[in-house]
Amino acid sequence: MKLGFLASHGGSNMQAILDGCDDGWISATPAILICNNPNTQAVERAQLADLPVRILNGKTHPDPESLDHAILDALTNARIDLIVLAGFMKKIGPLTMAAFRNRIVNIHPSLLPKFGGQGMYGLRVHKAVLEAGEIETGATVHLIGSQYDEGPILQQATVPVYPGDTPEALQLRVLDQEHQLYPDTLAKIARGEIELP
Ligand code: GAR
């Protein structure tokens, strides 16, 4: 199973998956990172891991359709089987969506369907969780559908919310769980324990 990562910032989830592949407990081969932002830790991490990187964004391809085409071409040329969204903050174009139907996984830092949707990313998610007075939050790995943070849920992990938590503290606690949940989900997909439609 060849993996194609799309990331925008830190790439810590991608790193957790790269480590799992390297250690051999995820039977998958990372094949490419596509990043919309050249100056990110995600790019540095990929370079350190000898993972080919392509920078594709609105500057390299001002026309959204040509950007979608370029992303699809890069993934197809790398012969990837599964797109792994790892903190990718852009919408996937319709060509890529159609070519990889039911083959795009995403991680979101809440217990979807709660606290998902447009504008719900980063600290905003954790602020909203605290404002709602939740006593539990978590992370969700899901297939992507046509809307933001939608599509069949593959696995979730819960994380407690403690009195006095700040959004930053909650973000770190959830991210720590993400680093276990995402590699575990991919290992199960590779072993056929989680079947994609
Ligand atoms: C993660 O917390 C991920 O769940 C979130 O972005 C962060 C990326 O961290 N994704 C979303 O909010 C998607 N809606 P990373 O770049 O260090 O993996």
Side-chain angles (χ1 to χ4, degrees), residues 3-22 26 28 30 32-49 51 53-57 71 82-93 96-97 104-132 134 136-161 165-186:
L3 307 179
F5 294 95
L6 270 72
S8 295
H9 298 294
S12 68
N13 276 291
M14 177 188 74
Q15 185 71 61
I17 296 163
L18 292 177
D19 292 346
C21 294
D22 213 30
I26 305 176
I32 191 168
L33 166 67
I34 295 174
C35 193
N36 56 305
N37 187 348
N39 304 310
T40 57
Q41 221 185 334
V43 170
E44 276 175 34
R45 291 178 191 276
Q47 285 166 342
L48 277 173
L51 181 66
V53 178
R54 287 289 308 277
I55 304 297
L56 298 172
N57 55 35
I71 290 175
L82 191 68
I83 299 178
V84 179
L85 302 182
F88 188 61
M89 298 303 167
K90 300 281 176 189
K91 233 184 152 188
I92 303 293
T96 306
M97 282 286 288
I104 308 177
V105 290
N106 182 41
I107 190 156
H108 183 79
S110 75
L111 294 173
L112 290 176
K114 284 181 163 185
F115 307 105
Q118 192 156 14
M120 275 295 188
Y121 58 85
L123 281 176
R124 292 183 192 198
V125 177
H126 306 293
K127 269 186 196 148
V129 167
L130 292 177
E131 277 164 19
E134 299 285 320
E136 182 177 81
T137 183
T140 303
V141 178
H142 63 103
L143 286 179
I144 73 157
S146 54
Q147 299 300 314
Y148 286 90
D149 304 327
E150 238 190 39
I153 289 172
L154 302 177
Q155 288 210 114
Q156 290 185 308
T158 56
V159 171
V161 178
D165 258 345
T166 59
E168 289 80 4
L170 201 50
Q171 183 178 45
L172 282 180
R173 199 174 309 127
V174 171
L175 195 58
D176 199 47
Q177 272 301 312
E178 291 182 45
H179 296 162
Q180 296 173 48
L181 180 71
Y182 215 177
D184 179 64
T185 307
L186 289 169

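We count ligands from 1, going down the list as the structure has it; atoms in each ligand are counted the same way.
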Identify the closest protein heavy atom to [atom]: which residue and atom is it, and at what distance?
atom                    : answer
atom 14 (N) of ligand 1 : His108 ND1, 3.1 Å
atom 10 (N) of ligand 1 : Ile107 O, 3.6 Å
atom 3 (C) of ligand 1  : Glu178 OE1, 3.2 Å
atom 16 (O) of ligand 1 : Gly11 N, 2.7 Å
atom 6 (O) of ligand 1  : Met89 CE, 3.4 Å
atom 5 (C) of ligand 1  : Pro109 CD, 3.8 Å
atom 17 (O) of ligand 1 : Ser12 OG, 2.6 Å

Hey, is the main chain of [Y] close enough, under 3.5 Å, to the side chain of [X] for a donor-acceptor pair?
X      : Y      : answer
His142 : Glu150 : yes
Arg45  : Gly10  : yes
Thr185 : Leu181 : yes

Practice task
Would you please determine whether Gln41 falls within less than 4.0 Å of ligand 1 on a heavy-atom basis?
Solution key: no

Completion exercise
For Gly87, the atoms of ligand 1 under 4.0 Å from one of its heavy atoms are 6 (O), 8 (C)

Fill in the blank from the handout: One finds that the ligand 1 atoms under 4.0 Å from a non-hydrogen atom of Met120 are 14 (N)

Under 3.5 Å between any N/O of [X] and any N/O of ligand 1: does that happen in this structure?
X      : value
Asn106 : no
His9   : no
Tyr121 : no

Problem - Between Thr137 and His126, a side-chain donor and acceptor under 3.5 Å - result: no

Handout entry: Ser8 and Asn37 side chains, donor-acceptor separation under 3.5 Å
Key = no

Minimum heavy-atom distance [X]-[Y], with the two atoms named:
X      : Y      : value
Glu178 : Pro183 : O-CD, 3.7 Å
Ile104 : Leu82  : N-CD1, 4.5 Å
Val174 : Gly138 : CG1-O, 3.4 Å
Asp165 : Pro160 : OD2-O, 4.4 Å

Completion exercise
Counting heavy atoms under 4.0 Å, the part of Gln171 that contacts ligand 1 is neither

Exercise for the section: For ligand 1, note which part of Leu175 has a heavy atom under 4.0 Å away: side chain, backbone, both or neither. Expected result: side chain

Handout entry: Point-to-point distance, once rounded to the nearest 0.5 Å, from CG of Leu33 to CG of Leu18
Key = 9.0 Å

